[in-house]
Amino acid sequence: MQRTAKLWLLIGLAAYAVLPWYMVPGGFWSFGWLQAWSADARPALVWALGGHAWLLAPVIGLLGAALALATTRGLALARALVVSGALGLLLMAGQGLAILGNRARFEALDGLTQPGMGAGALLVAAALLFILTTGISGLGRGRGDVFITGMVGAIVALVGVFVFYPMSFILIRAFELRGGAGLGVSEFLPRFLAPDIWSIACLLGTGYCGAAMNSLLLGLATATGTTIMGLAFALIFTRTAFPAKRFLRVLTILPIITPPFVIGLVLILLFGRSGTITEFFSDAFGWEKTRWLYGFWGVWLAQMLSFTPIAFLVLIGVVEGVNPSVEEASQTLDANRWQTFRFVSLPLMRPGLANAFLLGFIESLADFGNPLVLGGNFNVLSTEIYFAIVGTVADPAKAAILSLTLLSMTLGAFLAQRTWLGKKNYATVTGKGDSGQHAGLNPALRWACYALALPWALFTMVLYALIMFGSFVKLWGYDHTLTLEHYRRAFGIVVRNGVHLTGSAWDSFLTTLTIAAIAAPLTAAVGLATAYLLVRQKFAGKDAFEFSTMLSFAIPGTVIGVAYVMAFNFPPIELTGTGLILIIVFIFRNMPVGVRGGIAAMSQLDRSLDEASVTLGASSATTLRRVILPLMGPAILAALTYSFVRAITSVSAVIFLVSARYNMATSFIVGRVENGEFGIAIAYAAVLIVTMLLAILALQLLIGRRKLRRADRLQAT
Amino acid sequence: MKLSSISAIALSTALVAAGAAQAQSLNVVCSNEQSWCDLMAQNFKIDTGIDVAMVRKSTGEVLAQVRAEAGNPKVDVWWGGTGDPHLIAANEGLSTPSGVDTSGLLGWAQNMADMSEGRAIGVHVGLLGMLYNTEVLAEKGLPAPACWRDLAKPDYKGEVTVSNPQSSGTAYTQLATLVQLFGEDEAFALLADIGSNVNQHTKSGSAPGKMAARGETTIAVGFMHDMVNLKKQGFPVEIVSPCEGTGYEVGAVSVINGTPHMEAAKAWVEYVISPDAQSRGLEVGVFNIPSHPASATDPDAPDMTSVKLIDYDFATYGASETRERLLARWEGEVKSKGGNFE
């Protein structure tokens, strides 16, 4: 405890005395600040002595910790560290929130301003935080493990700053009274319970349903559908001798690497009123051409295509992980294959099923692109929220109320999932050698899986063939002359006096790839670390902690985007217009997938593995690195893949955060789609799809399969 | 320590990113078509030597962002998009007068500047019109529409697509146009009749035209310059200028209040209202009417002299009170009529 605390104390003091406290023009790595600590790049110590006296506040925490380390030992020291760490953090946040960039928040401090916090502030905050958590571990919490308390502290702090802090800006507006009359609940409740949110008229056949009811029905339908479909694919992969598994695997991940709007567009070209398939049935059977696609079923179909892969990614690891010896034991006890599957394997897959369902439900609620393109008059919460913010009459209060509605549904789904999983133990990967073979599926189930999954795979294949086709023709649907024009306009290269990237898409393409490549490993790391804490560690407030990590995922991107602008446009934390804000929004929006996948995979690992490692003298950090991580291959892969891809394909959150310097591929594509330039949009989408596919294959090669020391044999069928 | 390495990575990216963003130049947010945005930025850079960073966003998104950033804006100039949100921004003090001389511009562009006290200057005008898909119309054996009143004919049941004025500025322009043409009560009666033919109220203003082009619907209402673009792309569509007369939108340019780059921003405003810069729009298929009389226009582009135009009252119909009242009435009397066709 002492060593860690001393280390962080030194880092904190050094940062306070040497590093530039505020953001530096030109950036930290330009090292311009080294030149005599130019005007803006002075460290806090220099600032504090030269007029910014309030910057003395944070150092109080550091000095308190130093004093404690010098004078006390044991429990007293731990208490002193907790107090000084917390005090330092509070003072630091207090001065940051009280004195803003253009004004002070209180009249007493009138006239004082300061820029946004920079490197020095970041390190001092980290030092104070870890002094605090080290103290907590010294009190015996978290089994007295410095590493565990530090990790919990870091994640809580990150979620607090990047989820709760910005969200508070927008949610407070739900309680705003009309005409700027302050805050109150008198208008909130009637608006929250209004029939245009909750009406069930469509179920009774008397009119439109409320947006919340629509979202709920759609979410349940999508979650059920994607979980079943994901399970069918996972079973084919692990429990059958299907010949073309590799090919199928590529097909199952294609939809998540597809930029938004593209799937909707292809569906319209196939099933719209003038779609190819509609025309065919109309000509062949005289069916009337209808607009059935624009509404619930169209959105559902598009969401099934988009989100089945997520269910599959969560389920494949879990289905694979079910211990074959249990299945063998079941068969030895004279159960047939169906009974083995129904009463042994399936119950052990519950964590996977529950997490896949929860993800599907939340994804469906927060989905924005598909309802926008295919929704017709079917209104869902996410689009209503978007237009409450950007519509002809901007109504942030309505957006906030709808967001709260959406959050309450997510909370409901989360609690239902917890109840269903209960307190059972799902560990099936243990340290014991389990050399059994997985039970094959009984023929009926196998054919059921084939019947579900193969037509779906074929359908996906047709869609993607069409996307490729669409990018090579002049005007998709009308003029099918082959052309490379769209690619030339988007990705043109001129080789003359060196290589010049002249295509209009290069700029956003390279920015997108860079940002996604930085965000993905960070997202996976934060997500899996959180999953580890949730599954393996016990600490107070764990349930609340778990739910808080889901929040940013459940809130529609538009709300997050606006909340980020409101929170991070001004000091103390000024990030708008940078690439960093995009990276951060991706990390905290996509982290929950890492968390869910990690939880599902980790609940299968027997605790005795960790215990054995700890008994043999390894620290919890070593155990995590040497024992848990190698067994988490599929979950890491899923988290990395997903966060990389989502950073490239997400739209709604980034619309407000992209800046002229940091534009993203999707906002470029949306612009082209809005302008009716489908050719270039689809060509760009096709290039993105191929890029992401290559990246994913590379990741798979890199991470490889985990070695469970099982033969991965399958019962002959 | 895993955490320290993570935080080190995060820290370094933070500083790199923060550093790159500090470089000095003009930040323009553009609400026109992407290719027009790119071309203008490129030409401006070449002609003035000022570095421009450009991003395209829809007007509603820009307004929401400028509001959220008020006091510490990250955008210097907002160019393009319908005038209503520009006027709202001007009224809320989000934009600032640029002091650019507008005397050489067409009347409606000066009018815009007068209304906003120089904060928003007109750059182009877009006329409201109708569009039908010739193939679908022939297949269904329907007559071609020529007037606003035609849209209410029972023949067109389930064949008309318009956008939703609660989310789209295009649809609000249509609503305000009909109110100014027929008077409020008659306009709402007509809208309700049209509403019973409407198969979908789209969220976006340009969506109905695109749906009609692809044969997903038969008749659409929208801005004519978008329709010319669709027709030039090769879709089987015809454009109709309604016989009773029609309304229009004025696209604008505004300098954001609090910009640190006032000089460069002013240069941008002067540039985009110059005939040289405006004429270049033809290279990328911009078919709206530019605000400088000397700017070149396409022969196929809608022409203000050949279309019967109403005297659009921006001051009244752009005001929040009128807007909220009309939209509330629309919600009650029109919305429930349409969209029941699946």
Side-chain angles (χ1 to χ4, degrees), chain A residues 23-30 101-102 119 122 126 150-151 154 268 272-274 290-292 294-295 372 376-377 383 387 389-394 475 477-479 504 518 522 525 562 565-566 569-570 576-580 583 621 655-656 658-661 663 667-668 671-672 674-676, chain B residues 2-3 6-7 9-22 27-29 33-35 38 53-58 60-61 63-65 68-69 71-72 74 136 165-169 172 199-201 203-204 206 210 213-216 229-230 233-235 323-324 327 339 341-342:
Chain A
M23 282 178 104
V24 195
F28 182 80
W29 297 109
S30 65
N102 49 356
L122 184 64
M151 202 146 92
I268 289 177
R273 194 170 77 165
S274 300
T290 63
R291 293 168 40 86
W292 68 270
Y294 300 94
L372 191 66
N377 297 305
T383 50
F387 286 104
I389 292 176
V390 308
T392 36
V393 176
L475 185 62
Y478 283 91
D479 184 353
S504 57
I518 297 174
L522 293 174
V562 173
V565 174
M566 287 160 96
N569 191 50
F570 303 97
T576 43
T578 66
L580 180 65
I583 296 175
I655 280 176
F656 296 97
V658 296
S659 49
R661 300 260 164 232
N663 199 1
S667 84
F668 182 93
R672 296 298 171 140
E674 269 181 18
N675 194 29
Chain B
K2 190 172 162 234
L3 281 172
I6 294 176
S7 40
I9 298 169
L11 181 69
S12 44
T13 45
L15 298 162
V16 170
Q22 298 284 337
N27 283 314
V28 179
V29 57
E33 293 83 0
Q34 181 84 47
S35 45
D38 292 343
M54 159 89 69
V55 66
R56 187 204 169 278
K57 293 182 187 188
S58 77
E61 287 159 7
L63 188 60
Q65 183 183 351
E69 289 183 354
N72 188 14
K74 297 284 151 50
V136 181
Q166 287 166 323
S167 60
S168 144
Y172 180 75
N199 52 26
Q200 182 183 344
H201 286 116
K203 302 275 186 197
S204 140
S206 60
K210 275 175 256 168
R214 295 211 163 262
E216 294 301 303
N229 194 359
L230 289 168
Q233 282 187 50
F235 289 109
R323 183 181 285 262
E324 275 166 31
L327 287 178
F341 304 91
E342 287 301 326

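Residue contact with chain A, scored on non-hydrogen atoms closer than 4.5 Å, is absent for B:Val29. Within the 4.5 angstrom heavy-atom criterion, only side-chain atoms of B:Arg323, from C-beta onward, approach chain A. Contact of A:Leu372 with chain B is made through the side chain alone, with heavy-atom distances under 4.5 Å. Contacts of B:Leu63 with chain A are absent, with no heavy-atom separation under 4.5 Å from either backbone or side chain.
In this structure, the side chains of B:Lys57 and A:Val658 come closer than 4.5 Å at one or more pairs of heavy atoms.
Residue A:Ile268 holds its CD1 atom at 8.5 Å from CZ of B:Arg214, rounded to the nearest 0.5 Å.
The ring-ring contact (aromatic ring centres under 6.0 Å, His included) search around A:Phe387 returns none, not counting sequence neighbours.
No hydrogens or angles considered: nothing links the side chains of B:Glu61 and B:Gln65 as a donor-acceptor pair under 3.5 Å.
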